[in-house]
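Naming convention: chains lettered A, B, ... in sequence-line order (proteins, then strands); numbering from 1 in each chain.
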Amino acid sequence: MNADFSKPYDPKETESGIYQMWLDSGYFNPDNLPAAKPHTPHPKPYVIYMPLPNVTGTLHMGHALDNTGSDILIRYYRMKGFRTLWLPGTDHAGIATQYKVEKELRKEGVSRFELGREKFIERVWKWKEEYGGIIIDQLKKLGASADWSRLRFTMDPDYAKDVLQAFVHYYKKDLIYRGLRTVNWCPRCGTSLSELELEHQEEKGALWYIRYPISNEGFQISNYVVVATTRPETMLGDTAVAVNPNDKRYAKLVGKTVRLPLADRTIPIVADMKIDPGFGTGAVKVTPAHDILDFEIGQRHKLPSIQIIDERGKMNANAGSYAGMKTEEARKAIVERLASEGLLEKEEPYVHNVTICYRCGHVIEPIPSMQWFLKMDKLAHSALKTVRSGTVNIQPENFQKIYFDWLENIRDWTISRQLWWGHQLPVYFCKQAANDKFQVPSSKNGNNFVVASEKPKTCPFCGACDMEQSPDVLDTWFSSALWPFAGLSESDRKNYYPGNFVSNARDILNLWDARMIFSGLEFMGKPPFQNVFVHGTILTKDGKRMSKSLGTGIDPLKYIDQYGADATRFAVVWQANGQDIRWDEAAVMAGRKFCNKIWNASRFVLEQTATSKFEIRNSKLAPQTEADKEILSKLAETKKQTEQYIETFEFAKALQNLYDFFWHNFCDTYLEESKKQVTDEKMRPSTQTILRNTLIESLKMLHPFMPFITEAVYQNLNEQSDRFLMTTEW
RNA sequence: GCACCCUUAGCUUAGUGGUAAAGCGUUACAUUGACAUUGUAAAGACCGUAGGUUCGAUCCCUACAGGGUGCACCA
């Protein structure tokens, strides 16, 4: 492969050819790397598990940042002689993918229910085959040197087997249970969500003050408790009024009862520490069925739970005359009714946060639902311990606090989802006793289901029926939490687990990193990596979040296409210090200019040291002038600094330092000086040697950051020892 | 509401207990000699505001303002 030095550097002409050459070499696969180089008699592995991109995804700036950082490390350690594995994969991304295919169906005027589960899943697979590889191709364009021969998908048969086994394992250890709980429910997606899948949005609403008559004191106008609420429609499901035990205003009322307006029921007044006496009237209506906090209060006080809203977000039969209404309609009707009965004390405008689904943006409706939970206390404890002890290191350090906060206050993880696309639970129900599947909690002893990684041949309950698998699927994060080992074959686990490093944005620190850590500890006995690196978020130049829907997104592929992958990588790394990055396009231009500088300097060195004038093999580094000495000492210093910066993940510093060395010390100073030196017969050979040596060393150091151009130049230098710069000894 | 982070040249950001760097931009000059995707030089910052510690603070402490993030949601 020969690049044309007579023209300015053209990444388009070069990059795809170079990448193909690397692919053909097979060196992305560590098993193909030369087994024992002289400097590493027993090469150690260096492993990174790629943060799984969603199959629905296309490359965005966040990926570019994650993966450029990982590729720098992988390429660096590969040149250092390590057996480097960068394990790539894609995530089936339950909700995201299902939502996407459903949208496609909607355009055709079909719903997934009309299609049926089996056909729908077929359709998703088809979609995956067609579009699921896009992001992989895009990562290749970026120059990612991952081992594509090991590419995994989280729904691959082997992977799925591990996922189901993990479920069975937890269940046998009594860490998984099934229960009827008030959970966060998205009426549009039709599924439960975990607390980490929620977002909050400010909304202008109202606070209604409602009078609840104290039941045993007759219905006189002064004898009532006033509760404040933003959701009056849920009062039909109230089963108590709660006050703070230290609140003197209500001390005498605790233990008494009130008559619940609009519903012919009497409910108790209970005392609970969670109630803030300073808010509203200090008295709160308690609706265990439709509020997570109220559910917990209900548990503490053994209150019944009355569901009045169904999974589509409509009032159900328990709501009496309001049944069938949407919650907003019911709210309006109920407020009007209360007002007409003189039970509405006042209404004030109020801005509060509503909880929305992180995927579709629909308002979350907490409803009681039969779900599966993973007990978190022990697992969280192990994940805490491994970071506290320094076995796993989270950088920058202040993110440790976020990690600790979450794990210390953790709730059990709702792992079941009412979706079709995903790993179906390895739970099999007896058909005879299956009527209670969604409504009645089953204890482990008196249950009507079996947890097993394969369907039992005969039903252990009735001995006759063909057992029916639970329709629920697992939370996607349950399966991606297993990625560091489920992505590896049995034999690979011996060589390539645990890994060394993971890099991602802060939003998945708990969602994913924490869960990979405790899963690794649970199933492999060791955490999956030593270093978690949380990088900044790339924002627009004026500090706004990048988002497709807002039109503020910036496509890294646009830059790769226009200015080359190296220039794009340069820009990403150049700006990536610990803080969030206000993306400045000028950095890409700077990267492109730097590429050109490398290109032209290389041409110069090549011309100066063409074999007709110069025999490299016979020359030794023999500095003769001050300039010679200075460039060689600066080179040695730069090399040391580069190693240090890369190994501490300070990529921006490493690159800036290299940039400064190459441009100013090498090009501006030494190259200019060398022009004079080569005119002197005595100095020519040593000058040529130093030129060539410094260039090659620079190319090596720059290679992890800008792999394409450095490899292209190296190929033109016709070095003899290694075929590729990529595998040249550092 | 609680916690954490940020605020440095026109823009995007480094950085240090002794008044500050880089990229882009600007200005002047040079140069077709690897590279005009160039070189040399210059201008440009009271380092968010107000206090405090210190011989001395942009860097440490406190408060405030603006921006951001995490957690909790207050019903």
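Checked against side-chain contact (heavy atoms from CB on, under 4.5 Å), A/Glu408 has the following partners two or more places apart in sequence or in another chain: A/Leu384, A/Arg388, A/Phe404, A/Asp405. Checked against salt bridge (Lys or Arg N to Asp or Glu O under 4.0 Å), A/Lys676 has the following partners two or more places apart in sequence or in another chain: A/Glu673. A/Asp555 is linked by a salt bridge (Lys or Arg N to Asp or Glu O under 4.0 Å) to nothing, counting only residues two or more places apart in sequence or in another chain. Shown here are the salt bridge (Lys or Arg N to Asp or Glu O under 4.0 Å) partners of A/Arg506, two or more places apart in sequence or in another chain: A/Asp580. Applying the side-chain hydrogen bond (donor to acceptor under 3.5 Å, both in side chains) criterion to A/Gln395, with sequence neighbours excluded, gives no partner residue. A/Thr239 meets the side-chain contact (heavy atoms from CB on, under 4.5 Å) test with A/Arg265, A/Pro288, A/Leu303, A/Pro304, A/Ile306; sequence neighbours excluded. For A/Leu511, the side-chain contact (heavy atoms from CB on, under 4.5 Å) test picks out A/Leu196, A/Trp477, A/Ile508, A/Arg515, with sequence neighbours left out. In this structure A/Arg337 satisfies the salt bridge (Lys or Arg N to Asp or Glu O under 4.0 Å) test together with A/Glu341, sequence neighbours excluded.
In this structure, CD of A/Glu585 is placed 17 Å from C1' of B/U13, rounded to the nearest angstrom.
Taking the P atoms as reference points, B/G33 lies 35 Å from B/A21, given to the whole Å.
Atom CD1 of residue A/Ile538 and atom CE of residue A/Met61 lie 5.5 Å apart, to the nearest 0.5 angstrom.
Stems are defined here as 3 or more consecutive Watson-Crick or G-U wobble pairs with pairing distances under 3.5 Å; those involving RNA chain B are B:1-7 with B:65-71, B:10-13 with B:21-24, B:26-30 with B:38-42, B:48-52 with B:60-64.
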Between protein and nucleic acid, restricted to nucleotides 67-72 of chain B and to nitrogen or oxygen atoms under 3.5 Å apart, what atom pairs and distances do you find?
from	atom 1	to	atom 2	distance (Å)
B/U69	O2'	A/Arg506	NE	3.4

I'd like a list of close polar pairs between nucleotides 41-45 of chain B and the protein, N/O only, cut-off under 3.5 Å.
none

Protein N or O to nucleotides 22-24 of chain B N or O, pairs below 3.5 Å:
from	atom 1	to	atom 2	distance (Å)
B/C24	OP1	A/Lys593	NZ	3.0

